[in-house]
Amino acid sequence: MWACRLTQRTDFSFEGYRWQPENCKMLEFEKSAFLRRMQDRTIAFIGDSLGRQQFQSLMCMASGGERREDIENVGKEYGLVKARGAIRPDGWAYRFSNTNTTILYYWSASLADLEPLNITDKATDVAMHLDRAPAFMRRFLHRFDVLVLNTGHHWNRGKITANRWVMYVNGKPLKDRKLLEIGNAKNFTVHSVARWVDSQLPSHPRLKAFFRTISPRHFRNGDWNTGGNCDNTTPLTGGSEISQDESSDPVIAAAVKGTNITLLDITALSELRDEGHISRYSVKATTGVNDCLHWCLPGIPDTWNELLIAQV
């Protein structure tokens, strides 16, 4: 669904650019060396659809984009199977059997633990526990060697209402008006999750935890539902260099400060790449609909993974 070479798009110059950190030679990603280094290890991405894109990018990088006999679907081990009536499972897990390397993704758009209030009612409200890490992460953390978290774009009133999420803290519906404000609730959740993961690291000495900063949107002249677009196809029209020292995502940066979680800071470098989005070239290519949030693959999320793997 993100392969822009399978769409009407004709310009692929965005594929030819690489990120170069200053005063640092980043080794080029090489799939067999990566899999050897990740022997008997599990890499878990937990987050929203941009986390899913990073997972999909790494799967493509590690497999060379080819169907391989040595890759097995091990989603069942993690309960990642499509429920009856669901569009898709809550995530995917694949194992490269030659090196016993597992790469998985779990959908948790807000990183808050979600619990349906009435399991028998399809239209039930869902408790969104701001102070509780997702049950999936709590259950399987001991099996992960690399954990990459992300959240951001679902923290808006529209998404929360549409999902029938009701904010909870301490097991009770949230009454604090200030904390109910979206920005404050997001900040509270991100800090809660970061604190919880950091508290678990001493008992999981093999685990390396990363919190990825937000992936920027590039809608111009409107939003996704009001005719916004990202039609630029010329790379680096907004500059080619980042000189700032602080992260462009202060919420995530503040949450990991003072912890043993590594900040995977991709916001500013991705901000420069507005030409790398799906834009109007989705597979369905609905007139007037632009996706200036998700990225073409191969593309920008590959850079996020190159930075991740270099740090791992």
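Keep in mind that what you see is a predicted model, and the values were worked out from it rather than measured. Residue numbers count from 1 along this sequence.
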- Message: For a side-chain contact (heavy atoms from CB on, under 4.5 Å) check, start with the C-alpha distance between Val289 and Ser282, then their side-chain angles and the critical distance, and finish with the verdict.
- Response: CA-CA 9 Å; Val289 175; Ser282 72; over 6 Å; no
- Does the pair Leu50 and His294 meet the rule for a side-chain contact (heavy atoms from CB on, under 4.5 Å), with working shown? CA-CA 7 Å; Leu50 278 305; His294 298 100; 4.2 Å; yes
- Query: Yes or no on salt bridge (Lys or Arg N to Asp or Glu O under 4.0 Å) for Arg273 and Glu275, after CA distance, side-chain angles and deciding distance?
  - Reply: CA-CA 5 Å; Arg273 303 304 307 279; Glu275 87 296 358; 2.7 Å; yes
- Task: Starting from the C-alpha separation in whole Å, work towards a yes-or-no answer on side-chain contact (heavy atoms from CB on, under 4.5 Å) for Arg164 and Asp125.
- Result: CA-CA 5 Å; Arg164 293 192 287 272; Asp125 285 342; 3.6 Å; yes
- Could you walk me through whether Ile300 and Ser270 pass the side-chain contact (heavy atoms from CB on, under 4.5 Å) check? CA-CA 7 Å; Ile300 314 309; Ser270 306; 3.8 Å; yes
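Follow the hydrophobic side-chain contacts under 4.5 Å out from Phe55 and you never reach Leu147; the two are in separate clusters. No single ILVMFWY cluster, assembled from side-chain heavy atoms under 4.5 Å apart, contains both Phe210 and Trp196. Linking Ile, Leu, Val, Met, Phe, Trp and Tyr residues whenever their side-chain heavy atoms come within less than 4.5 Å places Phe140 and Leu104 in a single cluster. When the side chains of ILVMFWY residues are joined at heavy-atom separations under 4.5 Å, either directly or via intervening members, Trp304 and Val251 end up in two distinct hydrophobic clusters. Hydrophobic clustering, with ILVMFWY side chains joined whenever heavy atoms are under 4.5 angstrom apart, groups Val312 together with Met59.
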Less than 3.5 Å apart, which donor and acceptor atoms pair up between the side chains of residues 234-245 and the rest of the protein, not counting sequence neighbours?
| from | atom 1 | to | atom 2 | distance (Å) |
| --- | --- | --- | --- | --- |
| Thr237 | OG1 | Asn232 | ND2 | 3.1 |
| Gln244 | NE2 | Glu246 | O | 3.1 |
| Gln244 | NE2 | Ser248 | OG | 2.7 |

Distance-only donor-acceptor pairs under 3.5 Å for side chains of residues 166-181, two or more places apart:
| from | atom 1 | to | atom 2 | distance (Å) |
| --- | --- | --- | --- | --- |
| Asp176 | OD1 | Lys178 | N | 2.9 |
| Asp176 | OD1 | Leu179 | N | 3.2 |
| Glu181 | OE1 | Asn184 | ND2 | 3.4 |

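Using a 4.5 Å heavy-atom threshold, the side chains of Leu264 and Gln54 count as touching. A heavy-atom distance below 4.5 Å is found between the side chains of Arg52 and Trp92. Side-chain contact between Ser247 and Leu263 is present, with at least one heavy-atom pair separated by less than 4.5 Å. Put simply, the side chain of Tyr94 does not reach to within 4.5 Å of the side chain of Ile103, judged on heavy atoms. Side-chain contact between Leu35 and Asn98 is absent, with no heavy-atom pair separated by less than 4.5 Å. For the pair Arg9/Thr233, a side-chain contact is recorded, criterion being any heavy-atom separation below 4.5 Å from C-beta on. When side chains are defined from C-beta on, Ser110 counts as touching Met128, because their heavy atoms get closer than 4.5 Å. Annotation: side chain of Leu111 is not in contact with side chain of Val190 (no heavy-atom distance under 4.5 Å).
When all heavy atoms of Asn150 and Phe211 are compared, the closest pair comes out as CA-CE2, 4.1 Å. The two residues Cys230 and His277 come nearest to each other via the heavy atoms SG-CB, 4.0 Å. Shown here for Asp113 and Ala133, the closest heavy-atom pair between the two residues is CB-O, 3.5 Å. The minimum heavy-atom distance linking Thr7 with Ala3 is given by the pair CG2-O, 3.7 Å. Taking all atoms of both residues into account, the shortest heavy-atom contact from Pro202 to Ser199 is CD-O, 3.5 Å. In plain terms, the two heavy atoms of Pro21 and Met26 that are nearest each other are CG-SD, 4.0 Å.
Asn221 places no side-chain N or O within donor-acceptor distance of the main-chain N or O of Asn229, the cut-off being under 3.5 Å. Checking side-chain atoms of His142 against main-chain N and O of His204 turns up no donor-acceptor pair under 3.5 Å. Side-chain N or O atoms of Tyr105 include one that pairs as donor or acceptor with a backbone N or O of Gly47 at under 3.5 Å. Within the 3.5 Å criterion, the main-chain N or O of Arg206 finds no donor-acceptor partner in the side chain of Asp145. The closest donor-acceptor contact from the side chain of Asp198 to the backbone of Ala194 lies at 3.5 Å or more, if one exists at all. A donor-acceptor pair is defined here as one N or O able to donate and one able to accept, closer than 3.5 Å; such a pair exists between the side chain of His153 and the backbone of Ser215. Side chain of Asp223 to backbone of Thr226: no donor-acceptor contact under 3.5 angstrom is found. The backbone N or O of Ile214 sits less than 3.5 Å from a side-chain atom of Asp249, completing a donor-acceptor pair. Although no hydrogens or angles enter the test, the distance criterion places a donor-acceptor pair under 3.5 Å between the side chain of Asn156 and the main chain of Gly158. A donor-acceptor pair under 3.5 Å is absent between the side-chain atoms of Ser279 and the main chain of Tyr281, judged by distance alone.
Residues meeting the side chain to side chain donor-acceptor pair (under 3.5 Å) test with Thr213, sequence neighbours left out: Asp265, Thr267.
Tested against Arg95, the residues Asp70, Asn73, Thr42, Thr102 include a single side chain to side chain donor-acceptor pair (under 3.5 Å) partner, Thr102. Only one option out of Leu141, Val146, Val148 pairs with Phe144 in a side chain to side chain contact (heavy atoms under 4.5 Å, CB included); it is Leu141.
Within a 6.0 Å sphere centred on NZ of Lys208, heavy atoms belonging to other residues, nucleotides or ligands number 12 at most. In this structure, Arg138 places its CZ atom where more than 12 heavy-atom neighbours from other residues, nucleotides or ligands lie under 6.0 Å away.
Residues Ser13 and Asp11 bring a donor and an acceptor atom of their side chains to less than 3.5 Å of each other. At a cut-off of 3.5 Å, with distance as the only test, no side-chain donor of Trp295 or Gln53 sits close to an acceptor on the other residue. Side-chain contact annotation: Ser192 with Asp131, donor-acceptor N/O pair under 3.5 Å absent.
Taking the centre and axis of the six-membered ring of Phe96, the NZ or CZ atom of Arg68 falls outside the cone set by 45° and 6.0 Å.
For the atom pair CG of Leu297 and CD of Glu15, the computed distance is 10.0 Å after rounding to the nearest 0.5 Å. Note: Cys296 SG to Phe12 CZ = 8.0 Å, rounded to the nearest 0.5 Å. Separating the CZ atom in Arg132 from the OG1 atom in Thr189 is a distance of 12.5 Å, to the nearest 0.5 Å. The line from CH2 of Trp19 to OG1 of Thr303 is 9.0 Å long, rounded to the nearest 0.5 Å. Atoms CD and CZ, on Glu30 and Arg37 in that order, are 9.0 Å from each other to the nearest 0.5 Å. Atom CG of Leu58 and atom CZ of Phe45 lie 4.5 Å apart (nearest 0.5 Å).
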